[in-house]
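Just so we're on the same page: letters track the sequence lines, and every chain starts at 1.
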There are 2 protein chains.
Amino acid sequence: MLSERQMMILRAVVRDFTNTGVPVGSKALAKQLPIHVSSATIRNEMAALEEQGLIKKTHSSSGRVPSVEGYRYYVDHLVKPDPLRPNDIDVIQSSLGGDFHKIDEIISQSATILSNLTSYTAFTLKPELKDSRLSGFRLVPLGKRQIMAILVTDSGDVENQTFDVAGDVDGEQLEAVVRLINDQLVGLTLPEVLKKLQAEIPVQIANYLQSPQGFLDIFGDVLTRAAQERFYVGGRLNLLNFSQDSDVDSLKSLYSLIDKTDDIASVLGQPSDKISVRIGNEMTNDALRNFSLITATYDVDQHGQGMIAILGPTRMPYSRMLGIVGAFREELAKKLLDYYRFYDE
Amino acid sequence: MLSERQMMILRAVVRDFTNTGVPVGSKALAKQLPIHVSSATIRNEMAALEEQGLIKKTHSSSGRVPSVEGYRYYVDHLVKPDPLRPNDIDVIQSSLGGDFHKIDEIISQSATILSNLTSYTAFTLKPELKDSRLSGFRLVPLGKRQIMAILVTDSGDVENQTFDVAGDVDGEQLEAVVRLINDQLVGLTLPEVLKKLQAEIPVQIANYLQSPQGFLDIFGDVLTRAAQERFYVGGRLNLLNFSQDSDVDSLKSLYSLIDKTDDIASVLGQPSDKISVRIGNEMTNDALRNFSLITATYDVDQHGQGMIAILGPTRMPYSRMLGIVGAFREELAKKLLDYYRFYDE
DNA sequence: TTTTAGCACTCAAACTAATCAAGTGCTAAG
DNA sequence: CTTAGCACTTGATTAGTTTGAGTGCTAAAA
């Protein structure tokens with residue numbers, strides 16, 4: 001129920017405020033708007049917008065600042081993604097242009113690029129088939145008493161861990177265990193494996209090993225690591241730029257949030273098809289009250305769907321950011337498609 | 001050339017200031033000192049100490065604060081490590097008491113414990129024989145086009161990396177390469193290996209692989225990672241507590257310093273036998289101007305020498321910190337000795 | 001009915017002045 | 001050599017003032 005003019009004003013308020021950080025007043029708007037009306041008229045319209053909860057004052061006689069709802073409306077109806085700057089295109093092309101030997105290198109590099117482009121904090125998640133399955137397990141004896149456990153999933157994830165064992169490594173025992181695992185568990189999804197690991201497997205393994213607990217620990221460990229979605233983070237330190245007046249405590253909880261894989265996964269939330277923007281307290285987490293999160297998925301055909309995200313202050317230039325995220329998801333998908341094509345055929 | 005009494009005063013100034021953070025004046029000292037003299041006398045002595053550059057005023061009529069030289073004198077001549085609090089002993093015992101399957105777990109856990117005890121940032125470095133040697137190399141084919149390279153050193157370090165290869169994995173080629181590496185390079189120190197890798201090896205490998213460059217990259221990568229000393233860091237976020245008035249820039253450079261393995265290695269410096277304290281600008285790095293670093297080595301008999309360190313504000317309670325570091329190095333050495341004993345015999 | 005000029009009013013921010021408290025150095029007496 | 005006494009310095013705190021950007025409202029103009 002906003003008039004054309006009110007939309008125009010709301011758009012201008014958001015744009016101005018995200019650029020300057022200063023509450024914007026009627027006079028400044030009057031000068032800047034394409035239509036020619038007086039500041040008094042603007043004031044009336046602004047009162048109407050405030051009525052609807054889209055903008056608000058910081059104090060009784062201040063200029064206006066967008067409310068969360070105002071940002072929401074702006075993002076949903078008014079914003080148009082900026083096209084990339086030529087310079088940004090260069091950055092992407094050159095950073096993503098090199099040769100890579102691992103998917104993870106591309107994904108982790110992407111987080112860095114994205115944080116550089118935006119000067120915010122960026123997250124990337126590699127393309128993932130849901131319910132990836134265990135496709136192989138190895139135990140490689142390394143030294144006198146060292147063993148490496150390697151676990152491979154059908155989506156190409158590899159998780160490994162070395163551990164020390166007491167007493168000599170008995171090659172036959174190892175092989176028996178590996179055979180058992182591969183017979184019983186390969187082809188199952190990781191949650192299924194995890195379930196079996198707590199039920200039948202221990203009994204069976206006890207036939208081959210004297211002290212199975214140590215092994216079970218290790219295997220469970222590697223397994224849960226593999227089951228976890230793994231995010232790459234770029235530009236962590238950029239968060240420091242927005243810590244208003246050095247509120248150390250909230251900064252700390254923000255950082256611990258980012259470093260906990262599980263937590264950040266729950267914040268980023270389920271992939272949806274399009275680019276999504278979550279603003280301030282639209283996220284449940286309290287530490288994120290003054291931040292906005294832009295997430296986007298990208299598809300790599302049959303190789304599944306991945307995700308990229310940037311986290312910056314609520315007061316971010318959305319049009320530019322949406323432009324960057326939109327363009328980057330395409331570039332990344334293209335790059336990965338190339339990569340898979342090269343190594344798969 | 002300090003009198004007994006001057007020492008007593010300097011000690012009190014440092015103690016008071018590290019506890020309260022407030023410049024300390026003559027009156028407060030007079031009350032607190034064991035000997036009975038007037039504040040005027042203290043003032044005279046303080047003037048003498050200032051003359052020698054051990055304490056200084058923050059402004060012309062303020063109380064005194066220790067200078068870097070003052071801290072130095074205090075640490076070298078006046079301080080006595082505090083004995084551990086019973087509570088601290090409990091923390092160490094219980095955190096280090098569990099079962100571990102890897103040296104690295106113990107070391108990384110130690111960084112966390114140490115940061116908890118001190119509420120500063122802690123570094124730990126595992127015991128290392130200088131010039132560890134390459135003791136084994138593997139290439140394990142994992143999936144259709146995935147290979148894992150594993151490198152083992154004689155000190156038990158394991159470094160690994162998976163990578164994708166184009167075309168089918170040729171088992172024979174792999175074995176030939178592995179054999180070559182093991183024949184030519186095992187037993188050499190890592191720097192020697194690195195040198196050979198740039199000279200003869202490429203030529204020889206070209207006999208077995210069509211496109212050796214990819215492989216050489218990977219191998220070099222794993223190798224340099226293994227050659228690097230690896231620090232564990234605990235309590236990164238504690239640095240935030242001491243960022244005076246949110247100087248974002250210096251905080252940023254501090255954090256990037258900490259995250260660069262090479263840089264932090266050069267800051268921690270060469271191991272010396274005892275516990276060493278470096279204060280403020282005694283470290284060359286500018287970002288550390290307001291910090292002090294306490295480092296200590298620990299010996300695990302024939303398994304080499306490791307290092308622990310804590311980084312906190314120049315204004316830290318040295319006696320307590322020295323007590324903690326001193327005690328912890330012993331505990332850690334003991335724990336590791338147990339560990340080696342269990343797995344080696 | 002909508003727009004606008006005009007005006008009284010509000011409030012944060014910047015500046016000023018006044019006071020306070022802690023501390024110093026120095027002098028002269030103990 | 002020590003100490004009481006005192007004049008002096010300085011950062012912090014508080015209260016008061018000014019400034020300027022901005023608002024809402026009213027009444028006239030369009």
Side-chain angles (χ1 to χ4, degrees), chain A residues 1-10 12-67 70 244-245 315, chain B residues 1-10 12-67 70 244-245 315:
Chain A
M1 308 110 272
L2 293 191
S3 70
E4 254 338 289
R5 196 166 65 182
Q6 286 171 339
M7 290 187 192
M8 179 184 291
I9 290 176
L10 177 57
V13 169
V14 174
R15 275 229 263 266
D16 222 56
F17 182 67
T18 51
N19 284 334
T20 66
V22 178
V24 0
S26 55
K27 224 163 166 181
L29 278 185
K31 233 179 266 166
Q32 167 189 135
L33 283 183
I35 57 172
H36 201 70
V37 288
S38 76
S39 67
T41 308
I42 308 260
R43 276 203 289 286
N44 290 333
E45 295 287 37
M46 288 190 7
L49 286 172
E50 184 164 22
E51 190 77 14
Q52 306 194 40
L54 297 174
I55 59 181
K56 61 189 177 191
K57 297 185 264 193
T58 64
H59 62 85
S60 79
S61 75
S62 78
R64 300 309 208 295
V65 158
S67 67
Q244 43 254 33
D245 64 271
R315 193 211 115 197
Chain B
M1 309 110 275
L2 293 191
S3 70
E4 252 343 284
R5 196 167 65 184
Q6 286 171 338
M7 291 187 191
M8 180 184 293
I9 290 176
L10 177 55
V13 169
V14 174
R15 273 230 264 267
D16 222 56
F17 182 67
T18 51
N19 284 334
T20 67
V22 177
V24 0
S26 55
K27 226 161 164 182
L29 278 185
K31 235 178 267 168
Q32 164 189 139
L33 283 183
I35 57 173
H36 201 71
V37 288
S38 77
S39 66
T41 308
I42 308 260
R43 277 204 287 285
N44 290 334
E45 296 287 38
M46 287 187 15
L49 287 171
E50 184 163 23
E51 189 78 12
Q52 305 195 42
L54 297 175
I55 58 181
K56 61 190 178 189
K57 295 185 265 193
T58 62
H59 62 87
S60 78
S61 75
S62 77
R64 303 308 210 293
V65 158
S67 68
Q244 43 255 34
D245 64 272
R315 193 214 115 196

* Tell me which of T58(B) and E45(B) sits closer to the 5' end of DNA chain D, going by the nucleotide each one is nearest to. => E45(B)

* Within a radius of less than 6.0 Å around NZ of K27(B), do more than 12 heavy atoms belonging to other residues, nucleotides or ligands occur? -> no

* Asked: Looking at the side chain of S38(B), which of dA5(C), dA4(D), dC11(C) is the nearest nucleotide?
  -> dA4(D)

* At under 4.0 Å between heavy atoms, what does S39(B) touch on the DNA or RNA strands: base, sugar-phosphate, or nothing? -> nothing

* Quickly work out the E50(B) CD to dT24(C) C1' distance and round it to whole Å. => 10 Å

* Nearest heavy atoms of T58(A) and P23(A), plus distance in Å -> CG2-CG, 4.1 Å

* Asked: What's the shortest heavy-atom distance between L10(A) and G70(A), and which atoms?
  -> CD2-O, 4.3 Å

* Asked: Any side-chain heavy atom of L29(B) within less than 4.5 Å of one from M46(B)?
  -> yes

* Structure fact -> Rounded to whole Å, CD1 of I35(B) lies from C1' of dC1(D) at a distance of 13 Å

* Consider the side chain of S26(A), meaning its heavy atoms from C-beta on, and name the nucleotide among dA4(D), dC11(C), dT23(D) that approaches it most closely. => dT23(D)

* Between the side-chain atoms of S61(B) and the base atoms of dT24(C), is any donor-acceptor pair under 3.5 Å? -> no

* Asked: What's the NZ-C1' distance between K57(B) and dT9(D), to the nearest Å?
  -> 10 Å

* To do: Please tell me which of the listed nucleotides, dA5(C), dG24(D), dT24(C), lies nearest to the side chain of M46(B)?
  => dT24(C)

* Asked: Given atom NZ of K27(B) and atom C1' of dT3(D), what is their separation to the nearest angstrom?
  -> 14 Å

* Asked: Does S62(B) make a side-chain N or O approach to OP1 or OP2 of dA22(C) shorter than 4.0 Å?
  -> no

* To do: Could you check how far CD1 of I42(B) sits from P of dT3(D), rounded to whole Å?
  => 9 Å

* To do: Between dT10(D), dT4(C), dG25(C), spot the one nearest the side chain of R64(B), thanks.
  => dG25(C)

* **Within-4.5 Å side-chain heavy-atom neighbours: L54(A) and Q6(A)** => no

* Starting at atom CG of D16(B), determine the distance to atom P of dA22(C), rounded to an integer number of angstrom. => 15 Å

* Asked: Would you say dT2(C) has OP1 or OP2 under 4.0 Å from some side-chain N or O of R5(A)?
  -> no

* Asked: Could you give the CG-to-P distance, from N44(B) to dA28(C), as a whole number of Å?
  -> 15 Å

* To do: Give a yes/no answer on whether the side chain of R43(A) brings an N or O atom under 4.0 Å of OP1 or OP2 in dT4(C).
  => no

* Asked: Any side-chain N or O of S60(A) less than 4.0 Å from the OP1 or OP2 oxygen of dC11(C)?
  -> yes

* To do: Nearest whole angstrom, please: distance from the P of dG25(C) to the NE2 of H59(B).
  => 12 Å

